[in-house]
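Quantities reported herein were computed from a predicted structural model and do not represent experimental measurements. Reckoned from all heavy atoms, side chains included, excluding hydrogens, waters and symmetry mates.
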Amino acid sequence: MKSKIHLTSIKNKLKTKLTGPLRRIQKGKNEASSELVKLTLEFNKQKLALENEIISKEKAEAELREIKNRLEDLVEKRTFELACVNNKLEKEIQERKNAEAALYCFHKKLTSSFFKNPESINISRLSDGLILDGNESFSRLFGFGVQELIGKSLVGLNLWCNPKDRERLVEQLLSNKAIRNFEADFLTKNKDKKTLSISAEIVEYGEDKAIVFAMRDITEKKITEIELIRYKNQLEDLIAKRTERLDELNNSLSEQIERAEKADNKVTDQIIFFKALLDTIPIPILIQGINKQFTECNSAAEEFLGISKEELLTDSNEYHSENPMTSEEKQESGSSENAKLLADGITQSFESKVIIKNGQIRNVVIYKSLFKRGDDQPGGTITAIFDISERKKIENELVRTLQKEKELGELKTRFVSTASHQFRTPLATIQSSSDLLKMYGRRWPEDKYYEQLNIIEAQIEQMTELLNDVLTISRTESGRTEFAPQNFDFYEACLTAFNYAKSQGKEYHSFVFNYDLDKRQLCLDKKLVKFILDNLLCNAVKYTIEAGQISLYVTMDNSNVIVEVKDQGIGISKEDLSHLFEPFHRGENVCNITGTGLGLSIVRRSVELHGGEIMCKSELKKGTDFVIILPIVDPDRQEK
């Protein structure tokens with residue numbers, strides 16, 4: 001009994017003594033788990049930064065995967081062992097020591113993989129570029145010791161050939177958080193110039209932000225690229241020289257064939273030479289017999305037409321025709337060229353279009369020459385094809401550019417003329433009213449005095465409107481007008497524009513407003529909508545110079561709102577309708593009605609910014625009908 005009590009006492013004392021170590025072990029376990037999580041996160045970050053740059057290093061990747069697998073197995077095993085800590089205390093302590101040793105080895109390997117990595121890796125502070133750490137490859141790359149570089153910046157050491165390259169790199173990093181294959185030139189400690197490919201990423205480093213750089217020396221690659229370009233230029237020169245010899249080869253081709261037919265004992269050698277000569281020429285060459293059947297072609301012709309020689313020479317082949325390479329529209333022209341060539345024997349050249357086997361259409365210049373047999377009779381034709389598709393494309397681009405320049409010149413001329421007239425008239429009126437005020441202002445009654453002031457204000461307002469229109473059209477043409485849709489009361493906007501136009505009308509005008517929508521709140525650009533409504537309604541009032549009706553109808557079709565503005569005014573001629581939306585264009589029948597010719601151009605641009613359509617139907621002296629279709633923006637999608 002006493003021994004039992006004694007054993008119980010010893011057990012309680014042992015339990016009391018082990019409580020402290022158990023707590024410390026639990027605390028160590030938590031710290032170890034936290035350290036394991038940090039190391040795992042750091043490992044994943046290092047792996048993500050390196051896997052895009054070290055694709056070819058399969059051995060290093062295999063080692064990293066093996067370490068990761070061992071780490072995951074160790075964590076799983078450690079978790080299981082910690083669950084049994086209360087039953088196997090002594091064994092857990094020993095296993096804890098083993099886990100710490102393994103963790104130390106892993107940390108040592110991870111640190112070694114950073115410092116011994118063949119890629120040049122360094123960590124620099126984002127704010128000032130000071131180098132916080134770097135591996136041996138990084139120091140060897142620049143010819144410094146690691147300690148010589150830490151605490152300094154590559155800019156401060158004058159190692160960037162162009163310091164602005166670093167500014168561009170940092171700007172791109174701040175925008176994208178990571179950058180790959182950024183190329184820049186650097187100087188080493190010995191002032192050797194190197195071209196480096198840089199991959200970088202912004203990471204948290206303590207309380208600061210840092211940039212992790214991975215640098216690769218691509219100087220040799222750049223030198224190789226320069227050599228390849230030089231070789232390419234030499235090859236192009238060689239092709240140009242061979243092309244220059246083409247005319248000589250074509251002229252001598254008939255003579256060579258004739259000599260080959262007379263020299264029976266050398267036929268085989270001549271045929272081999274002829275085929276080798278054809279394949280050497282980089283221009284497609286086709287030979288037809290007198291029966292218009294293809295008898296020979298070179299490899300350049302096969303490549304150009306996209307068919308094999310066997311296909312071209314086979315009777316059943318769809319290309320077996322008088323002129324297989326030309327389009328259907330050119331068949332008749334090619335046939336007549338052949339007939340003329342066989343009749344007078346003169347070399348023919350003409351432009352055509354080629355439809356090759358894959359369906360592509362190529363612009364070409366075709367040269368056809370007649371060759372004769374030994375009896376001086378026509379033996380067939382030789383055709384050389386020069387691809388001028390790129391030249392045609394450039395010519396078309398030049399024509400379009402010249403047309404745009406011409407249109408721009410006409411627009412500038414029209415602008416100067418219109419703007420000069422529009423500014424001159426109000427300025428003359430302001431000058432006249434100002435002179436009258438100077439001469440008679442003090443003797444005039446107050447109402448007449450203010451009448452002249454009102455005239456000046458009206459002319460100033462007209463000039464301001466013209467300047468605003470010019471600035472607006474300038475912004476729209478240069479693409480600086482922003483499309484900013486928002487929810488607003490569309491009914492209220494229509495009603496306000498309608499009432500304003502009504503206030504500008506005369507006693508002989510009548511007005512109709514019909515809003516046939518279930519909802520008032522729509523998502524559109526409020527500023528652009530106001531301009532569209534004000535311009536069209538005010539134009540309807542301004543150009544209805546006699547009794548007539550001005551109408552505004554608003555309806556809905558699916559997800560589009562349809563705005564229709566109709567008037568019974570002077571109308572627009574068919575000739576003016578084709579130029580209706582051009583800046584500064586005004587109809588021939590506007591007479592003395594004021595205007596700049598800019599409003600409708602701005603209206604069309606405002607509708608296009610909505611992704612909508614504008615249509616106009618008009619007839620002289622019967623009125624004009626404008627229809628605007630505006631897609632309604634989804635507010636939820638717009639917010640996203």
Side-chain angles (χ1 to χ4, degrees), residues 45-57 60 113-234 236 478-480:
K45 188 181 293 183
Q46 289 288 340
K47 179 176 176 291
L48 181 62
L50 291 175
E51 64 183 359
N52 290 331
E53 297 297 326
I54 317 177
I55 297 174
S56 63
K57 299 176 182 177
S113 69
F114 172 76
F115 287 104
K116 300 296 183 181
N117 198 302
E119 289 291 326
S120 300
I121 304 174
N122 73 90
I123 304 172
S124 299
R125 195 156 54 201
L126 176 63
S127 58
D128 53 13
L130 292 183
I131 298 170
L132 303 174
D133 208 345
N135 64 0
E136 295 177 1
S137 298
F138 171 65
S139 63
R140 285 198 304 271
L141 183 64
F142 290 96
F144 289 89
V146 175
Q147 297 305 319
E148 291 181 90
L149 293 171
I150 292 177
K152 298 177 183 177
S153 68
L154 296 180
V155 176
L157 293 170
N158 296 320
L159 299 183
W160 288 82
C161 291
N162 185 1
K164 291 185 177 180
D165 286 344
R166 185 185 187 277
E167 297 176 7
R168 289 193 300 109
L169 185 145
V170 173
E171 288 177 3
Q172 294 181 29
L173 269 176
L174 292 175
S175 300
N176 305 322
K177 304 301 182 184
I179 190 171
R180 298 289 181 269
N181 302 322
F182 182 92
E183 295 185 4
D185 293 331
F186 291 84
L187 294 175
T188 64
K189 186 176 183 180
N190 298 328
K191 303 303 179 185
D192 294 331
K193 186 176 179 181
K194 290 185 177 182
T195 301
L196 303 182
S197 174
I198 302 172
S199 297
E201 184 174 345
I202 297 178
V203 298
E204 299 292 336
Y205 196 87
E207 297 181 356
D208 292 333
K209 288 187 176 182
I211 306 174
V212 178
F213 289 96
M215 299 179 170
R216 185 192 302 166
D217 188 354
I218 59 171
T219 308
E220 292 297 328
K221 177 183 174 185
K222 285 294 181 182
I223 293 173
T224 304
E225 288 177 356
I226 293 171
E227 287 296 322
L228 286 174
I229 291 172
R230 184 176 63 82
Y231 176 73
K232 177 187 173 186
N233 293 334
Q234 291 177 350
E236 288 176 351
S478 62
R480 288 181 291 159

Please lay out, stage by stage, how F213 and L196 fare under the test side chain to side chain contact (heavy atoms under 4.5 Å, CB included).
CA-CA 11 Å; F213 289 96; L196 303 182; over 6 Å; no
To the nearest 0.5 Å, how far apart are CD1 in I223 and NZ in K221?
13.0 Å
Rounded to the nearest 0.5 Å, how far apart are CZ of R125 and CG of L130?
5.0 Å
Looking only at heavy atoms, what is the nearest atom pair of F182 and D165, with distance?
CZ-O, 3.5 Å
Interatomic distance, CZ@F186 vs CG@L159, rounded to 0.5 Å, equals 8.0 Å
With side chain to side chain contact (heavy atoms under 4.5 Å, CB included) as the criterion, how do L187 and L157 come out once you've worked through the C-alpha distance, each side chain's angles and the decisive distance to 0.1 Å?
CA-CA 9 Å; L187 294 175; L157 293 170; over 6 Å; no
Starting at CD1 of I211, measure out to CD1 of I131 and round the result to the nearest 0.5 Å.
11.5 Å
Pick from R166, R168, E167: which one makes a side-chain contact (heavy atoms from CB on, under 4.5 Å) with V170?
R166
Just grab all the side-chain hydrogen bond (donor to acceptor under 3.5 Å, both in side chains) pairs involving residues 141-162, residues at least two apart or on different chains.
E148-K189
Identified salt bridge (charged side-chain N to carboxylate O under 4.0 Å, His left out) counterpart of D185 within the set K193, K164, K194, K222:
K193
Please report the closest heavy-atom contact between A200 and R180, naming both atoms and the distance.
O-NH1, 3.4 Å
Distance-only polar pair, side chains of T219 and D217, donor-acceptor under 3.5 Å:
yes
Give a yes or no on whether a salt bridge exists between R230 and E227, defined as a side-chain N under 4.0 angstrom from a carboxylate O.
yes
To the nearest 0.5 Å, what is the distance between CG on N135 and CZ on R140?
8.0 Å
Rounded to the nearest 0.5 Å, what separation is found between the OG atom of S199 and the CD1 atom of I121?
10.5 Å
If you take all heavy atoms of T188 and L141, which pair is closest and at what distance?
CG2-O, 3.6 Å
Which pair of non-hydrogen atoms, one from S137 and one from S120, has the smallest distance, and what is that distance?
O-OG, 3.2 Å
Search all heavy atoms of I123 against all heavy atoms of A210 and return the closest pair with its distance.
CG2-CB, 3.8 Å
